[in-house]
Every structure is written in structure tokens, then in C-alpha cells.
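Comments concern the structure below.
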Amino acid sequence: MHEAHGHQHLARGAERHRGDRRSLVVALALLAGVMVVELVFGFIANSLALLADAGHMLTDVFALALAITAIGIASRPASKRWTYGLGRVEVLSAQVNGISLLLIGTWITYSAVRRLISPPEVRGGIVLVVAVFGALANIAAAAVLSRRQSESINVRAAFLHIATDLAGFIGTALAGGLILLTGWNRFDPIASLGVALLCFISAFSLTRESLRIVLEGSPGDIDPAAVGQMLASDAEVVEVHD
């Protein structure tokens, strides 16, 4: 009975890994295409908001590639050297992705402050069109991952990257429209600061959650004291500790 249950657990894990990998590959293809478009038109429009989004997209592409690699490593069976298997690689992948978001947010903030002080000419129409295109692609990628992101912190990390980018695209599109209406080029770095803030929020969430798992803390949605009291209330239980 125990052996049969173990085989079923391994089969479910393998099926989850295959599904996660398929979703991540589709999302990776979508984001890589958008990143190239943003880089090209970001330079043409002289828009930091588009270039900041492209830089964030680069971390997204890296994050998705890392997540796919982590799934491949985590799916390997336990060995004499790695007696617990390599499942925690997915958690480490999420931690790296959180750090990458922190770094890209810092770069965007630095560049945006410089442009607030001395704003260059920005072509708002190009910014608006490209941002709308990027938002639509991000919605498609987020839809692919949203069904799986609650099952794996690794996939959740990739999903947060994409969700942050989607919010950034909305802000960039708004900045492009306002530049067209008013001619005030500082809307571009202001939108970039919004992207940076989203990067910092996601980075904090990911690094905190992945660190809790690595340090084997109790699940965030469970009160350990309440669980202990419930177990101790059983007449057959003498004591509950640790």
C-alpha cells in the first residue's frame, strides 16, 4: 500500500512538472518576442519607460528560462548523494528571480531620476502603441501561467514577473498618451518609477517566501500554536512539541 501511494505521488509530481514546463515555454516565447519589439522601439522613441519595461522583460525571460531549468533538475529522482532529491532547486530559482527584480528596480530608479532632472524628447505615440501591444502579450502569458502559479513557488515567481510587467505596460501606455496630449516628457520617467516600485514589491514577496521555505518555517497560512492545541485536545495525545 505504501509503495503504491509513493508511485502515485511521484506520478502526480511528474505530471505537474510537465504541465509547468509547457506553460513556461509558451510564456517565454511570448515575452521574448515582446522584449525585442520594446528594445527596438524604445530606442526609436527615446523612451526610458519602454527601455525599463524591456529591461524588466529581460529579467522575465531569464526568470522563465531559469524556472524551466529548475523544473528539469527538480524532477530528477533522489540519489545516494542527494538523498532528498533536488526539489528545493525550484525554491532557489524563485529566490534568484526575486533578487533579479530588486536589481532591475534599482537600475530603473537611477535612470528615471536622471531623466526627471533632465528630460529628453520622447515620442509618445510610439510609446503608447508599443505599450498596448506589450500589455496584450503579457495578458496572454499571465493567462497561461495563472492556472499553475499557486502549485509551485517557482512558477509563481515567473507569474509575478509577468504580472509586474503587465502593470508596468499599463503605466507606460498611460504615460505615452499623456505625453501626446500635453507634451510633458517627464511622464515617461514617472511611469518608470512606477515600474520600479512594482519590482521592489514583488522582489520582497518572493525573497521572503522562498527564504521561509529554505529555512523550513511553518506555512504562512497555518498557525502552529492552533495546530498544536488541536492535536493536544485528543485524549490519546500526551504532549505536542516542536
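These numbers were taken from a predicted model, which means no experiment stands behind them.
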Any chance you could measure [X], atom [atom1], to [Y], atom [atom2], to the nearest 0.5 Å?
X: S47; Y: E121; atom1: OG; atom2: CD; answer: 12.0 Å
X: I170; Y: I139; atom1: CD1; atom2: CD1; answer: 7.0 Å
X: L101; Y: T106; atom1: CG; atom2: OG1; answer: 10.5 Å

What is the minimum heavy-atom distance between [X] and [Y], and which atoms define it?
X: L128; Y: A173; result: CD1-O, 3.2 Å
X: E38; Y: V130; result: CG-CG1, 3.9 Å
X: M35; Y: A54; result: CG-O, 3.8 Å
X: V34; Y: G134; result: CG1-CA, 3.8 Å
X: T109; Y: G105; result: OG1-O, 2.8 Å
X: L50; Y: G42; result: CB-CA, 3.8 Å

Is there a path from [X] to [Y] through hydrophobic residues (I, L, V, M, F, W, Y) whose side chains come within less than 4.5 Å of each other?
X: V127; Y: I44; value: yes
X: V132; Y: V122; value: no
X: V61; Y: V40; value: yes
X: I104; Y: I201; value: no
X: I126; Y: I179; value: yes

Is there a side-chain contact between [X] and [Y], using heavy atoms and a 4.5 Å cut-off?
X: V227; Y: L231; value: yes
X: L181; Y: F187; value: no
X: N46; Y: L51; value: no
X: F200; Y: L102; value: yes
X: L178; Y: W184; value: no

State whether the side chain of [X] and the backbone N or O of [Y] hold a donor-acceptor pair below 3.5 Å, judged by distance alone.
X: S192; Y: D188; answer: yes
X: T207; Y: F204; answer: yes
X: S111; Y: I108; answer: no

